[in-house]
Amino acid sequence: MPSDHLTRRSLLQGSAAVAAAAPTLASAGAATARPTAKGETGMIPVELTVNGREVHLQLDPRTTLLDALREHLHLTGTKKGCDQGQCGACTVIVEGRRINSCLTLAVMHDGDTVTTIEGLGTPDKLHPMQRAFITHDGYQCGYCTPGQICSAVAVLEEIAAGVPSHVTDDLDQVALSDRELRERMSGNICRCAAYPNIIAAMNEVAGEKKA
């Protein structure tokens, strides 16, 4: 038989040899990959102004803003609920706008100003929205309350700035109404169903702003 004649048996034997050698080849490839430099951790510096205080962090680039606040800065008022941006429990105010902190990476906000529930008020000096939530019993079990309050504060600012919503009738004159408030707060879920009380609290604060 000619030496260059390829039989089915020899083909199968050759394939088996290649398959057996694959793990070894993979290990060799990994060994030749660029090694991590001594002292290199893959961490990224992130600077934030959180509740009026400048903070400097070294974070894994995959760290969400929510985890940076809770795990690194120990600001546990901001809650982790669904971790998918559906419940609103993690709402904070970044550069004046409300966002779901579980859906954004901390490194994306390098240099930004962040306000959490701890930065809105204190037990001795409550924010008007915090006081209104207490007056109207808008907090129930309280788990969603930090996100609800941060969102409520930002919603009133949105309306005052003339930012329209899906239900706004006149884009040139955004008016405060229960319909507007319900639409804008629809991303903040309250399983205790304190929604009417929350709307009442927001109307009270809005009235104080007008006075």
Side-chain angles (χ1 to χ4, degrees), residues 36-37 39-123 125-130 132-133 138-139 142-166 168 174 180-181 183-190 198 201-202 205-206 209:
T36 302
E40 183 179 339
T41 62
M43 308 296 270
I44 294 179
V46 178
E47 296 182 8
L48 302 168
T49 300
V50 181
N51 300 330
R53 179 172 63 94
E54 290 187 5
V55 296
H56 304 270
L57 302 171
Q58 293 288 332
L59 299 175
D60 184 305
R62 298 165 294 181
T63 304
T64 63
L65 179 59
L66 172 60
D67 285 338
L69 294 171
R70 288 182 56 84
E71 307 300 332
H72 295 267
L73 298 179
H74 308 295
L75 295 171
T76 54
T78 304
K79 302 304 182 186
K80 178 176 285 194
C82 66
D83 213 22
Q84 297 178 353
Q86 297 180 359
C87 72
C90 68
T91 304
V92 297
I93 302 172
V94 178
E95 294 294 309
R97 300 179 60 183
R98 57 197 173 117
I99 67 169
N100 292 326
S101 59
C102 74
L103 292 183
T104 186
L105 299 175
V107 295
M108 297 168 62
H109 298 283
D110 185 36
D112 283 356
T113 298
V114 180
T115 302
T116 70
I117 189 66
E118 292 91 344
L120 286 178
T122 66
K125 189 177 181 181
L126 294 174
H127 185 280
M129 192 65 74
Q130 292 172 313
F133 263 63
Y139 53 91
Y143 192 84
C144 71
T145 304
Q148 293 274 9
I149 291 177
C150 285
S151 193
V153 169
V155 160
L156 295 188
E157 295 296 331
E158 290 171 9
I159 295 175
V163 179
S165 76
H166 179 68
T168 301
V174 181
E180 280 282 358
L181 297 181
E183 168 64 22
R184 293 169 189 265
M185 292 294 293
S186 61
N188 290 81
I189 305 302
C190 176
I198 292 170
M202 295 177 69
V205 176
K209 287 179 175 289

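One-based numbering along the sequence shown. Here the structure is a predicted model, which means the values were calculated and not measured.
- Side-chain contact check for Val92 versus Asn100: every heavy-atom pair is 4.5 Å or farther apart.
- Taking 4.5 Å as the limit, every side-chain heavy atom of Leu59 sits out of range of all side-chain heavy atoms of Asp67.
- Proximity of Arg184 to Glu158: side-chain heavy atoms (C-beta onward) are separated by under 4.5 Å at one or more points.
- Using a 4.5 Å heavy-atom cutoff, the side chains of Met43 and Asp60 are in contact.
- Legend: residues meeting side-chain contact (heavy atoms from CB on, under 4.5 Å) with Glu118, ordered by chain and number and at least two apart, are Asn51, Leu75, Thr116.
- Take Glu157 and apply the salt bridge (Lys or Arg N to Asp or Glu O under 4.0 Å) test, not counting sequence neighbours, and it matches Lys209.
- The two residues Leu181 and Met202 come nearest to each other via the heavy atoms CD2-CE, 3.6 Å.
- By the side-chain contact (heavy atoms from CB on, under 4.5 Å) test, Ser151 is found to be paired with Thr91, Arg98, Val155, Met185, Asn188, residues two or more places apart in sequence or in another chain being considered.
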CA sep, side-chain torsions, deciding dist, call: Leu69, Val50, side chain to side chain contact (heavy atoms under 4.5 Å, CB included): CA-CA 9 Å; Leu69 294 171; Val50 181; 4.1 Å; yes

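- Thr104 pairs by the side-chain contact (heavy atoms from CB on, under 4.5 Å) definition with Leu65, Ile99, Met108, His109, not counting sequence neighbours.
- Residues meeting the side-chain hydrogen bond (donor to acceptor under 3.5 Å, both in side chains) test with Lys79, sequence neighbours left out: none.
- Within 6.0 Å of atom NE2 in His166, 12 or fewer heavy atoms from other residues, nucleotides or ligands are found, so the atom counts as exposed in its surroundings.
- Legend: residues meeting side-chain contact (heavy atoms from CB on, under 4.5 Å) with Pro164, ordered by chain and number and at least two apart, are Thr168, Leu171, Val174.
- Counting heavy atoms from C-beta outward, Pro61 and Ile44 have side chains that approach closer than 4.5 Å.
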